[in-house]
Amino acid sequence: MSPTEPEGIRRQSTTRRRRTVRLRTLLIWLAVVPTVAMGTQVTVTAQRLLAQSEKLRSDVAAAEQVGAPLYTLMVDMQAERTATAARWAGSDNSEGELRVRREATDLAAAEFRRLAVDPSRSFSEVTRQLEKLAEYRQRADARSGAADSTLAYYSEVIGKVIQVYQQEFSHAEDAELAQASRPVVSMLQATEMVAREDTVLALAGPSGELTFVGYDQFVSALGAQRYLHEALIVPHLTARDQRFYERVVGSADWQTKTRIESAVLSGHKDIVTGIRLPAEVGGWSSAHANFSVQMTTLNIDLARSVLARGEAKAGELQTEVAWLIGGSAGGLLAVVVVVFFTTRSVLRRLNDLHERTVTVAEETLPDVVARLQRGQSVDPDALPAVTGDRDEVGRISDAFARAVEVSVDGHRRLAAERHGFGLFASGIASRTGNLVSRQLSLTEDLQDTFGHDEALLAELMRADQLTVGMRRQIENLLILAGGEVPDPHTEPMRVADLLREAAAEVEDFRRIERQALDETSVEPSAISQISHLLAELLDNATRFSPPKSKVVIRAELVTDGLSVEIEDRGPRVSPERYEEMNGRLHEAPPYSVLAQNAHRLGLFVVGHLADQLGATVTLRRSVYGGTSAVVILPRQLLVASDPQAPREIEPQPRVLELLPAPTRAPAASVSSEPAVREAAAEPAPATEPAPEPEPVVHTSAGLPSRRAKAPVAVATAVSAPAPAPALVPVPVPAARPALPERVPQTHIAEQLREPRAQESVVRPDTATPEEVADAWADYEQGTQTVEEELRRDQP
């Protein structure tokens, strides 16, 4: 009876269930995350636009404040460089011109230093270069060193000024302003190239001769200024500036400039000391003075145009920021409203779907399954139908409806298959039951015919016992198929007799001690079921307890009815395993669980019988360490016993009593799991009518035995020979009528009933002590084998 799982600590699952997030939270996050992302993006964009607007306004302010003095400084530095070159070359009136240019440069430098006080700007580089101006002027006055190095200083300062324009006022952050400011910087660079040409020609002086280095500088400046005009200035001018530029380059002074440049390139002469310039260069000074003023005007107009665009762009950026913030706020509000109503609608529909699903899962579907299991029809309107909605919630509802439909169809087919299998099992059980009944009848006939052979009679009784076990397995098949054990009893049976019938069903019945503590009887309609239930528990107890131990069954009246307790000495079982098995016993287990445990059917049979009887069966640990099974039969199955009724019918004096029963070999099919020690069979309903029940007859050893229908009448006709050793009879289950007790010479002819001296004497046992010792050694070896298997099954 002890369950199969040994006592021990179950290993806890290490898998942690992942925490799920509610759909409401997901929808809220679905709205919050884009909203926050959108708000962050709007904030960053607004800050960037505002910073760009501030930068534009700062550039415009700086250009208006510093740009004009810086341009003036560049023009004055170019004029001083040319005057310095002329003084170095020894031109007439060059000293006075140089003095005027230096004064103008000093005024422009002072104004620039006064305004260029912003440390974040790149004006400091120009300021540092201006600090070297006095030194290079002294070199020029003393004509110390080469003229090229002194003139290169002026070019470097002018380059720094142009670089300031390019860095501070080109507006690289805005493509439109960068495009508009590109001609301004290019025009400044082109003006510088023309000024370098003027310086080189001034360095030629009255002699009109240049060094090779000077000539190379002139050619480089000429190529650079022509490239700047053609590639970087003219293509980027506006229509208005384009017209002004065309007037400048179309003037006579500009044409004179172009003619002189071409003459220098093509009409120069190489001499020993360098290059001799053509005579046309004499008109350069007057032409340069005229077109340089026009170029300065164009540069100023271009710079003012860029500043005006920057101011307008800054205003546009601020307006764009205002629209961005307002539109984003409106969009966020719309998103919040849409998400709120969408979430509310989705959650409401999902909640309705959840309620319908729960109703179908907890009420409709179990009711439909129960009706199908009972063989009743199902109304299709009770099941959810497919609506064909195309939205997500509708498709989920349709998917659930299809799942329910498939489930119901599966249960319908399963119920049909189960019903068909029940009919099939009933047919098999009926045919097998007929064969078993015929085999029992044949065994009885053989016992009647060969009753005088005591050894053969003992083997026939053992074969009869095994046949009874086969009949119990067939009844198990019938019970598990949904049928009931046929009950031929018509009169109530005392509990003591009921315990004997149950014990007689067990092969190892000699180890069972019965204790009927109260006098009561059981309803005839429940006798076979109760006897079968107790027989299963007793068989389980004897199989899975040590071979030499006793199994005790006691019955007594309790508050709820009749308590029958079966206690064995089997192996220990864990409390968790007891809880699992009691769950199967307190409620008839479904066939799905039965299919998973097809090799252990004892608890399933007991559970189905307890469900049919309304009884409760509980397994627990006994005080001896084994298992105790407590069966509580309801009072509705009990009737009061007649105190005048005899306790039992005495056996006939002709019963053989002294012959020892054959030693049974130890059970070789002990389960490796001592928890569910069960027989593997599925019963089907039996169809044979049961014979009339008869009172139980016992041998002198107190065991049940079969007897004839009128044992008393037979006994009067039998002579009393010498007492013979008794065959130990095999118990018979209460579900079948008890076999008649074997009484010698009861069914033979009258002529053969005379006692014969030679045949009436039972021969003594001729087994030698060695043979008896060998038999006991075999028995002990088998017992030790079973005990060793049980010890290996322990944890």
Side-chain angles (χ1 to χ4, degrees), residues 418-451 456-489 501-502 504-509 527-529 531-533 535-536 539 543 598-599 601-602 604-605 608-609 662 664-665 667-669 678-694 696 704-709 727 729-742 747:
R418 187 179 301 164
H419 180 68
F421 177 76
L423 296 178
F424 171 76
S426 297
I428 295 296
S430 176
R431 296 177 183 179
T432 308
N434 291 334
L435 294 177
V436 170
S437 298
R438 291 173 59 187
Q439 183 173 345
L440 288 173
S441 299
L442 178 61
T443 303
E444 292 179 2
D445 294 341
L446 292 175
Q447 290 173 354
D448 293 341
T449 303
F450 300 100
L456 179 59
L457 182 60
E459 295 299 327
L460 290 175
M461 297 292 279
R462 178 167 176 78
D464 182 80
Q465 176 68 23
L466 296 176
T467 306
V468 171
M470 293 171 56
R471 183 176 63 185
R472 181 159 57 87
Q473 299 304 324
I474 294 174
E475 291 176 352
N476 287 344
L477 178 63
L478 179 62
I479 294 170
L480 294 178
E484 296 181 356
V485 179
D487 199 333
H489 299 84
E501 276 204 4
E505 294 274 352
V506 181
E507 183 177 1
D508 205 359
F509 63 87
I527 292 176
S528 293
Q529 291 176 316
S531 176
H532 194 109
L533 185 149
E536 284 293 334
D539 183 71
R543 282 178 180 270
H599 59 291
L601 301 180
F604 294 99
V605 174
H608 279 276
L609 288 175
R664 181 171 65 89
S669 61
E678 306 157 3
E682 283 210 18
T687 57
E688 286 189 317
E692 292 293 327
E694 302 214 0
V696 179
S705 63
R706 295 189 179 91
R707 62 177 182 276
K709 294 203 179 279
L727 284 172
V730 179
V732 183
R736 299 287 184 179
L739 293 176
E741 184 183 11
R742 187 60 54 208
H747 301 286

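Bear in mind the structure is a predicted one, so any value in this text is a computation, not a measurement.
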Seminar exercise, completed: With sequence neighbours left out, the residues meeting side-chain hydrogen bond (donor to acceptor under 3.5 Å, both in side chains) with Thr432 are none
Exercise. How many angstroms lie between atom CG of Leu609 and atom OG of Ser528, to the nearest 0.5 angstrom?
Worked result: 10.5 Å
Exercise. Roughly how far apart are Met470 CE and Gln473 CD, rounded to 0.5 Å?
Worked result: 9.5 Å
Exercise. Nearest 0.5 Å, what's the CG-CZ distance between Leu460 and Phe450?
Worked result: 8.5 Å
Exercise. What's the verdict on side chain to side chain contact (heavy atoms under 4.5 Å, CB included) for Leu466 and Glu507, showing C-alpha distance, side-chain angles and the deciding distance?
Worked result: CA-CA 8 Å; Leu466 296 176; Glu507 183 177 1; 4.1 Å; yes
Seminar exercise, completed: CG of Leu435 to CG of Leu440, rounded to nearest 0.5 Å, is 11.0 Å
For this session: Report yes or no: does Ser531 contribute a side-chain atom to a donor-acceptor pair with the main-chain N or O of Ile527 at less than 3.5 Å?
Result: no
Exercise. So, for Ala502 and Ala535, which heavy atoms are closest and what is the spacing to 0.1 Å?
Worked result: O-CB, 3.8 Å
For this session: Might you point out which heavy atoms bring Glu536 and Val605 nearest each other, and give the distance in Å?
Result: CG-CG1, 4.1 Å
For this session: Step by step, work out the side chain to side chain contact (heavy atoms under 4.5 Å, CB included) result for Asp464 and Gln447.
Result: CA-CA 10 Å; Asp464 182 80; Gln447 290 173 354; 4.1 Å; yes
Seminar exercise, completed: All heavy atoms of Val506 vs all of Asp539, minimum pair found to be CG2-N, 3.8 Å
